[in-house]
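The figures here come from the full heavy-atom set of this structure, side chains too, leaving out hydrogens, waters and symmetry mates.
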Amino acid sequence: MRWFRHLVDSSPARRHFPPPALDAVQHAIAASERRHLGEVCFAVEGRLAFGDVLRGRTARDRAQEVFAHLRVWDTTRNTGVLVYILLADHAIEIIADRAVAASVDQTEWDAVCALMQKHFVAGDYQAAAIAGIEAISAILVREFPSDGPSNSDELANRPVIL
């Protein structure tokens with residue numbers, strides 16, 4: 001059945017995340033990053049290539065590839081965090097760079113994913129994204145509070161539709 005979801009729907013990312021939703025997510029990320037030293041990247045993908053599905057590629061595998069492709073790892077303090085959504089699998093993955101991964105337990109990321117999933121089930125994709133960003137922000141504020149004016153913005157805040 002998984003292969004069918006990836007084969008059939010070719011544009012769920014743009015349908016669930018239209019420009020106004022992308023704007024809201026972008027603003028939430030920008031506001032979040034003023035409060036901590038982390039860099040949040042948000043990526044949405046509708047489906048995987050059919051060959052990837054047949055080979056058993058998971059959302060986690062793809063999230064790790066996207067993490068590298070978008071260079072989320074390439075921040076001065078190693079504090080990049082990727083939120084990756086694979087709509088066809090109803091999957092949410094959070095990949096954190098070295099400094100963040102050393103400070104934050106996977107159970108916290110799992111809780112953020114569960115929070116987002118509640119909104120997705122209700123069909124409110126924008127609310128899911130904003131709730132996730134706010135929860136991630138709370139974690140990053142706790143672990144990597146802003147150092148004021150020297151807090152640079154190293155990654156684009158605009159969500160990426162893959």
Side-chain angles (χ1 to χ4, degrees), residues 1-36 38-75 78-97 100-101 106 109-140 152-162:
M1 191 62 178
R2 179 180 186 233
W3 64 268
F4 186 73
R5 288 190 315 266
H6 286 269
L7 186 61
V8 172
D9 198 351
S10 64
S11 64
R14 297 213 185 277
R15 184 173 61 249
H16 295 307
F17 289 93
L22 296 177
D23 292 343
V25 173
Q26 179 177 347
H27 293 301
I29 291 171
S32 166
E33 289 180 353
R34 286 191 288 274
R35 300 175 47 222
H36 56 73
E39 288 291 322
V40 179
C41 185
F42 194 92
V44 180
E45 191 157 31
R47 62 189 176 112
L48 296 177
F50 191 63
D52 287 339
V53 175
L54 291 179
R55 286 188 288 279
R57 186 170 209 190
T58 66
R60 186 76 177 181
D61 294 337
R62 179 64 176 144
Q64 290 170 333
E65 180 182 330
V66 170
F67 181 87
H69 175 75
L70 296 177
R71 301 179 63 94
V72 180
W73 55 267
D74 193 16
T75 63
N78 299 312
T79 55
V81 176
L82 171 69
V83 178
Y84 173 78
I85 299 167
L86 181 56
L87 292 168
D89 282 353
H90 308 283
I92 305 162
E93 297 289 342
I94 297 176
I95 308 288
D97 202 355
V100 178
Q106 182 61 42
W109 300 131
D110 295 342
V112 173
C113 293
L115 171 69
M116 293 176 70
Q117 192 66 39
K118 287 180 188 177
H119 291 285
F120 284 145
V121 168
D124 196 344
Y125 292 84
Q126 180 176 323
I130 302 296
I133 291 163
E134 289 173 355
I136 290 166
S137 183
I139 293 167
L140 293 174
S152 62
D153 193 5
E154 298 178 73
L155 298 175
N157 296 331
R158 185 77 176 169
V160 177
I161 302 291
L162 302 165

R60 side, atom CZ; I94 side, atom CD1 - distance, nearest 0.5 Å: 9.0 Å
ring-ring contact (aromatic ring centres under 6.0 Å, His included) partners for F67, two or more places apart: none
Acceptor/donor pairs from residues 155-162 side chains to any protein atom, 3.5 angstrom cut, sequence neighbours excluded:
residue, atom, partner, partner atom, Å
N157, ND2, D153, OD2, 3.0
R158, NH1, D23, OD1, 2.4
R158, NH1, Q26, OE1, 2.9
R158, NH2, D23, OD1, 3.3

Partner of S137 under side-chain hydrogen bond (donor to acceptor under 3.5 Å, both in side chains), chosen from E33, R34, R35: R35
Beyond-backbone contact of V72 with I95, side-chain heavy atoms, under 4.5 angstrom: no
Heavy-atom closest pair, residues A135 and L115: CB-CD2, 4.0 Å
Within-4.5 Å side-chain heavy-atom neighbours: V112 and I139: yes
Nearest non-hydrogen partners of A59 and A91, listed with the distance: CB-CB, 3.5 Å
Gap between atom CG of L70 and atom SG of C41 - 0.5 Å precision: 4.5 Å
For the student: nearest non-hydrogen atoms of T75 and E154, plus distance: CA-OE1, 3.4 Å
Atom of W73, atom of A68 and distance for their closest heavy-atom approach: NE1-O, 3.3 Å
Side-chain heavy atoms of L140 within contact of T79, under 4.5 Å: no
Whether Y125 and H16 hold their rings parallel, tilted or perpendicular, with breakpoints at 30° and 60°: parallel
Non-hydrogen side-chain atoms of H90 and F120 separated by less than 4.5 Å: no
Minimum heavy-atom distance M116-A129, with the two atoms named: CE-CA, 4.2 Å
Distance in Å, D74 CG paired with E39 CD, rounded so as to fall on 0.5 Å steps: 11.0 Å
Pairwise distance CD(E93) to OG1(T58) - rounded to 0.5 angstrom: 7.0 Å
Validation row: F42, I85 side chains within 4.5 angstrom (heavy atoms): yes
Considering all heavy atoms, the nearest Q126-A24 contact: NE2-CB, 3.3 Å
Qualifying residue, where the test is side-chain contact (heavy atoms from CB on, under 4.5 Å) with I29 and the options are V40, I130, V83, I136: V40
Gap between atom CG of L87 and atom CZ of R15 - 0.5 Å precision: 8.5 Å
